[in-house]
Amino acid sequence: MFEQAVQVSEAHRQGASQMQGTLRMAMKGCPKCRTMQMIASPELGTCAECGSSLQVLGSNARFA
């Protein structure tokens with residue numbers, strides 16, 4: 001575990017000069033319930049509220 005942390009730290013240090021902009025979370029949401037969640041797995045899944053298929057949201061998508 002410690003070695004992995006060292007490797008990640010070193011990779012970040014080496015790439016820091018090439019980074020541009022900000023890191024944004026990838027979001028998914030339900031078009032019916034208008035709920036939003038961060039994407040944390042390869043599968044989008046279904047809405048816990050209504051059972052609809054979740055969809056990937058664009059960077060400017062906001063549910064009111």
Side-chain angles (χ1 to χ4, degrees):
M1 181 80 151
F2 178 75
E3 278 189 35
Q4 289 176 332
V6 171
Q7 289 174 350
V8 168
S9 177
E10 180 61 17
H12 186 278
R13 186 190 68 75
Q14 289 179 9
S17 63
Q18 299 173 2
M19 289 185 188
Q20 297 177 351
T22 59
L23 183 62
R24 297 182 187 189
M25 294 182 289
M27 301 295 288
K28 61 184 176 182
C30 175
K32 291 184 180 180
C33 297
R34 308 189 89 50
T35 58
M36 295 173 55
Q37 301 172 2
M38 183 175 66
I39 296 176
S41 67
E43 296 178 15
L44 295 177
T46 58
C47 177
E49 300 291 322
C50 70
S52 295
S53 295
L54 298 174
Q55 298 176 355
V56 174
L57 301 176
S59 62
N60 60 353
R62 298 286 177 253
F63 290 139

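All values below were derived from every heavy atom in this structure, side-chain atoms included, with hydrogens, water molecules and symmetry-related copies excluded. Counting from 1, the numbers follow the sequence of the chain as shown.
- Counting only residues at least two apart or on different chains, the salt bridge (Lys or Arg N to Asp or Glu O under 4.0 Å) pairs with a member in residues 5-18 are Glu10-Arg13.
- Counting heavy atoms from C-beta on, the side chains of Met36 and Lys28 never come closer than 4.5 Å.
- A search for side-chain contact (heavy atoms from CB on, under 4.5 Å) contacts involving Ser52 returns Cys30, Lys32, Cys50, not counting sequence neighbours.
- Crowding of Glu3 atom CD: a count of heavy atoms from other residues, nucleotides or ligands under 6.0 Å not exceeding 12.
- In terms of heavy atoms, Cys47 sits closest to Thr35 at SG-OG1, 4.0 Å.
- In the hydrophobic clustering (ILVMFWY side chains linked at under 4.5 Å, chained through shared members), Ile39 is joined by Leu44, Leu54, Val56.
- Residue pairs meeting the salt bridge (Lys or Arg N to Asp or Glu O under 4.0 Å) criterion with at least one partner in residues 35-44, sequence neighbours excluded, are absent.
- Scanning all heavy atoms of the two residues, the minimum distance from Gly29 to Pro31 falls at O-CD, 3.7 Å.
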